[in-house]
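Since the structure comes first, as structure tokens, the remarks are kept for the end.
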2 protein chains.
Amino acid sequence: MTDSHPRLPVEVESADCRAISDILSRVGDKWTVLVVEILGTGPSRFNELRRQVGGISQKMLTTTLRQLERDGMVRRTVTATIPPRVDYELTDLGRDLLVPVHALGDWARANMAKIESARLRFDEEAES
Amino acid sequence: MTDSHPRLPVEVESADCRAISDILSRVGDKWTVLVVEILGTGPSRFNELRRQVGGISQKMLTTTLRQLERDGMVRRTVTATIPPRVDYELTDLGRDLLVPVHALGDWARANMAKIESARLRFDEEAES
DNA sequence: CCGTATCCCTCCGGATACTG
DNA sequence: CAGTATCCGGAGGGATACGG
């Protein structure tokens, strides 16, 4: 492959390392990306979101949204009517996150066949 | 922002969804990216790698490397000498993965200040 | 040197029930 | 409707000891 492979800054400050792996762990989270993807199509209310995600528990949706709100990715708007109404929407930062996440998603889709066959080969050779 | 919402990109094939979130979860894994980053600088032996990563247990290094090998990201080469020697190196696929991962890492570095201040604001308002 | 096998404890996350 | 509170099973992952 290209000789100009990016030289890796293994010596980045550990503070950066923590912060970066922190973001990465959110992307790897079971629900976060799914929620952000859906909010990427437009604002949504709590139970609406719950239905759109499908399979998420109330607890985890709350937790996920709180984290995203805390990180400034999601804006929470409360309308104090009866019954109460709460809207969630992505902030600019949240929408921004979708760019690199989609890049990763595209890579995954483009290479899932290779990965799948690699796994088959590996598991096959593990017959013992 | 968007037009109306009857369009649901959420309905992509669930097979794709599983596979993609599977890759994402590996990226979010505590050790995987770190190991891949280091292997991105060149091949390495087991304990050498262990020292370079720092803080990883023998068990988790083995587990991480096995997963990566199974997925076709890492090639494992055994030299049956005494003492035995095992080298690990990235495959083309593994090096390829680094591209979108670095994009995400760059985004994280570029935005960690915003996130950090968002958190401060959030936690501050949580004083009650 | 390069692992595998156990033990064990923490935390994630689902189910359920209750409030404003 | 939009949460909070509680219980609890199971996976993740560290420490340690042993095998090739």
Side-chain angles (χ1 to χ4, degrees), chain A residues 18 21-36 38-39 43-71 74-89 122-123 125-128, chain B residues 17-18 21-36 38-39 43-71 74-89 122 125-128:
Chain A
R18 277 198 311 98
S21 88
D22 189 76
I23 304 291
L24 259 49
S25 69
R26 266 171 181 46
V27 168
D29 177 82
K30 190 179 178 183
W31 299 114
T32 303
V33 168
L34 215 44
V35 168
V36 173
I38 290 175
L39 284 179
S44 194
R45 300 178 59 182
F46 189 86
N47 282 320
E48 188 183 355
L49 206 43
R50 185 152 153 56
R51 265 178 282 112
Q52 295 178 87
V53 174
I56 191 174
S57 67
Q58 194 173 28
K59 176 184 174 184
M60 288 317 295
L61 181 54
T62 302
T63 303
T64 302
L65 286 170
R66 281 289 176 288
Q67 277 187 344
L68 286 169
E69 191 194 356
R70 178 168 186 267
D71 288 353
V74 160
R75 180 167 30 249
R76 179 170 178 270
T77 312
V78 181
T79 313
T81 55
I82 293 185
R85 174 193 180 95
V86 182
D87 286 273
Y88 293 93
E89 62 183 329
F122 186 93
D123 294 344
E125 290 175 9
E127 308 295 271
S128 53
Chain B
C17 264
R18 277 197 309 99
S21 88
D22 188 77
I23 304 290
L24 259 48
S25 69
R26 268 176 181 40
V27 168
D29 177 84
K30 190 178 180 183
W31 299 114
T32 302
V33 168
L34 216 43
V35 169
V36 173
I38 290 174
L39 285 180
S44 193
R45 300 179 58 182
F46 189 86
N47 282 320
E48 188 183 355
L49 205 44
R50 185 152 153 56
R51 266 178 281 108
Q52 295 178 86
V53 173
I56 191 173
S57 66
Q58 194 174 27
K59 175 185 174 182
M60 288 318 296
L61 182 53
T62 302
T63 303
T64 303
L65 286 170
R66 281 291 176 285
Q67 277 187 345
L68 287 170
E69 190 195 356
R70 179 169 184 267
D71 288 354
V74 160
R75 179 168 28 251
R76 179 170 179 270
T77 311
V78 181
T79 313
T81 56
I82 293 187
R85 174 195 180 94
V86 182
D87 287 274
Y88 293 93
E89 63 182 329
F122 185 93
E125 290 174 9
E127 309 294 272
S128 54

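A note on names: the letters A, B, ... follow the listed sequences, proteins ahead of strands, and every chain is numbered from 1.
- With axes fitted over five pairs at each extremity, the angle between the ends of the helix from C:dC1-D:dG20 to C:dG20-D:dC1 is 40° (10° resolution).
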(request) Please step through side chain to side chain contact (heavy atoms under 4.5 Å, CB included) for the pair B:T64 and B:Q67, ending with a clear verdict. (result) CA-CA 5 Å; B:T64 303; B:Q67 277 187 345; 5.5 Å; no
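- When each of B:R75, B:R76, B:R45 is tested with B:E89 by the rule salt bridge (Lys or Arg N to Asp or Glu O under 4.0 Å), just one qualifies, namely B:R75.
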(message) Output one letter per nucleotide in nucleotides 6-20 of chain D: B when a protein non-hydrogen atom lies under 4.0 Å from the base, S when only the sugar-phosphate is that close, - when neither is.
(response) -B-----BBB-B--B
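- Put simply, A:R45 has no side-chain N or O that comes within less than 4.0 Å of OP1 or OP2 on D:dG3.
- Running 5' to 3' along DNA chain C, contacts with non-hydrogen atoms of chain A at under 4.0 Å begin and end at C:dG13 to C:dG20.
- Residues A:K59 and A:T62 are not in side-chain contact: their nearest non-hydrogen atoms beyond the backbone lie 4.5 Å or more apart.
- If you take NZ on B:K30 and CD1 on B:I56, they are separated by 9.0 Å, rounding to the nearest 0.5 Å.
- Atoms CG and CG, from A:L24 and A:D29 in turn, are 12.5 Å apart once rounded to the nearest 0.5 Å.
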(message) Test side chain to side chain contact (heavy atoms under 4.5 Å, CB included) on B:T63 and B:W31; report intermediate values, then the result.
(response) CA-CA 10 Å; B:T63 303; B:W31 299 114; over 6 Å; no
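- Looking only at side-chain heavy atoms (C-beta outward), A:L49 and A:Q52 come within less than 4.5 Å of each other.
- Regarding contacts with the backbone of D:dG3, a side-chain N or O of A:R66 is found under 4.0 angstrom from either OP1 or OP2.
- Expressed to the nearest 0.5 Å, how far CG of B:D22 lies from SG of B:C17 amounts to 12.0 Å.
- Interatomic distance, CG of B:N47 versus CD of B:Q58, reported as 7.0 Å (0.5 Å rounding).
- As judged by a 4.0 angstrom heavy-atom cut-off over every strand, A:R50 is placed among residues making no nucleic acid contact.
- Rounding to the nearest 0.5 Å places CG of A:L61 at 11.5 Å from CZ of A:R51.
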